[in-house]
*Asks:* 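The structure's right below; bear with me while I get my questions together.
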Number of protein chains: 2
Amino acid sequence: MSTKTKNAGAPDTRARIIRAASALMQRQGYDGTGIKQIAQQAQATLGSVYHFFPGGKQELAVAAIHHGDREFAEELSAALDADDDPAAALTALCQDLAAGLAASDWPAGCPITATALGPAGRAPDIQAAAAAAFARWRALVHTKLRTAGIPDPAAHDLAHLTISTIEGAELSAQVSQSTEPLEIAGRYLAQLVRAAR
Amino acid sequence: MSTKTKNAGAPDTRARIIRAASALMQRQGYDGTGIKQIAQQAQATLGSVYHFFPGGKQELAVAAIHHGDREFAEELSAALDADDDPAAALTALCQDLAAGLAASDWPAGCPITATALGPAGRAPDIQAAAAAAFARWRALVHTKLRTAGIPDPAAHDLAHLTISTIEGAELSAQVSQSTEPLEIAGRYLAQLVRAAR
DNA sequence: GTCTATAATAGGATAGAC
DNA sequence: GTCTATCCTATTATAGAC
């Protein structure tokens, strides 16, 4: 076994820093989150942060977005795998998202939106990481829809719409401090998927 | 005529400041935008900014959100009034939004999302202003759908879905630097509205 | 790899002349 | 209402001991 493989038991400072950056930027955005705050939350020192991320805040944000990307991809995959019917799976996912948002008291929306929105114009690597995340999520839905028998022009478009709508409903729910947008989105996405067969 | 009514010809520093704050925060977010930058863009001095907004940056953000609220409400109203059929009107609106986003080179998404996302958790007045904007936009769509003959449980839900989907599609388009999410959203929203009759 | 100290700069906000 | 100067704090980032 190579020494480069991760040893899961160790304190793993680098992973703690990424998790802290991801969680804080998800709620406060890129510019609203300080590196010192990240270090404190990760129980690391400033020196350790710059040791692992010599590229500074931008490199940290890219790592945070990759982390949020994988995080939501796993949640999405689990939800899609839980039911053969994609319509039912999407409805259940929206309910789970609504419950998570309410449990966080609303600040914890999409794992990458707030991180990417502000600096996307100035930092191309941050924009690219966010675009890759959206594309991966779309691809997961696309595969599920095709497996369920929906042919390809429709499956491609529905995958796009699904990510857009879930993203927008989570944003609306967060801003309005209500689960209603996500509940409604789940119902209509199911209706559209069922109509596409 | 009262002296309190606005005299449209004057340089109107206060309005220039609000417009600058709205435009900058739309692209860079609340924390990514400095008051000095706003003053510079508005061709005003720091003293003038604090003269009109003694509450500082938070009061400025609330005014910027109100400005973006009215701005999009007018665009939405105009789009809905342009066609008797709400389905066709929504499709046209999505195409207009896509064109505007591409013309801005992608940074100019929803007028209030970036402004509200970061500080919503800490500043209740900013969150409330953003929630009011979303509610107003939903109400405009709701009225249009009811006028077009869609009964009320469906019209209410469809208004919610419309705002969520447009919001999410604009976000996806911005992040992905592509007009495709908005084009697809426009098509499916039209399909759902037509099916609701 | 970790820690502290510090440099260099930019941020929000205020004071007071005009 | 406008302008300039300034205070105070926080920020990113680096240096160098351990």
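Proteins come first, then strands; the chains are lettered A, B, ... in the order of their sequence lines, and each starts at number 1. Bear in mind the structure is a predicted one, so any value in this text is a computation, not a measurement.
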*Asks:* Is it the case that A:T165 and B:T165 place a side-chain donor and acceptor less than 3.5 Å from each other?
*Replies:* yes
*Asks:* I'd like to compare against my own output: the B/S/- annotation of nucleotides 4-18 of chain C with a strict under-4.0 Å heavy-atom distance to protein.
*Replies:* -------BBBB----
*Asks:* Return the set of residues passing ring pair (Phe, Tyr, Trp, His ring centres under 6.0 Å) with B:H156 (not counting sequence neighbours), or none when no residue passes.
*Replies:* B:H160
*Asks:* Atom CD of residue position A:Q40 - does it have more than 12 heavy atoms of other residues, nucleotides or ligands inside 6.0 Å?
*Replies:* no
*Asks:* In whole Å, I'd like the distance from the CD atom of B:Q43 to the C1' atom of D:dC3.
*Replies:* 15 Å
*Asks:* Considering just the side-chain nitrogens and oxygens of B:S48, establish if one lies under 4.0 Å of OP1 or OP2 belonging to D:dG1.
*Replies:* no
*Asks:* Any residue in residues 114-130 of chain A with a heavy atom nearer than 4.0 angstrom to DNA chain D? Just list them by number, or reply none.
*Replies:* none
*Asks:* Quick one: A:E59 CD to D:dA13 C1', roughly how many Å, whole number?
*Replies:* 14 Å
*Asks:* Under a 4.0 Å N-O cut-off, is there an ion pair linking A:R122 with A:D31?
*Replies:* yes
*Asks:* Do the side-chain N and O atoms of B:Q26 and B:T115 include a donor-acceptor pair separated by under 3.5 angstrom?
*Replies:* no
*Asks:* Check the distance between D:dT11's C1' and A:L60's CG and give it to me in whole angstrom.
*Replies:* 15 Å
*Asks:* Would the number of heavy atoms belonging to other residues, nucleotides or ligands and lying under 6.0 Å from CG of B:D85 be above 12?
*Replies:* yes
*Asks:* Testing B:I126, B:L60, B:D125 for side chain to side chain contact (heavy atoms under 4.5 Å, CB included) with B:I65, which one passes?
*Replies:* B:I126
*Asks:* Does a sphere of radius 6.0 Å around CD in A:Q43 hold more than 12 heavy atoms from other residues, nucleotides or ligands, not counting ones at 6.0 Å or beyond?
*Replies:* no
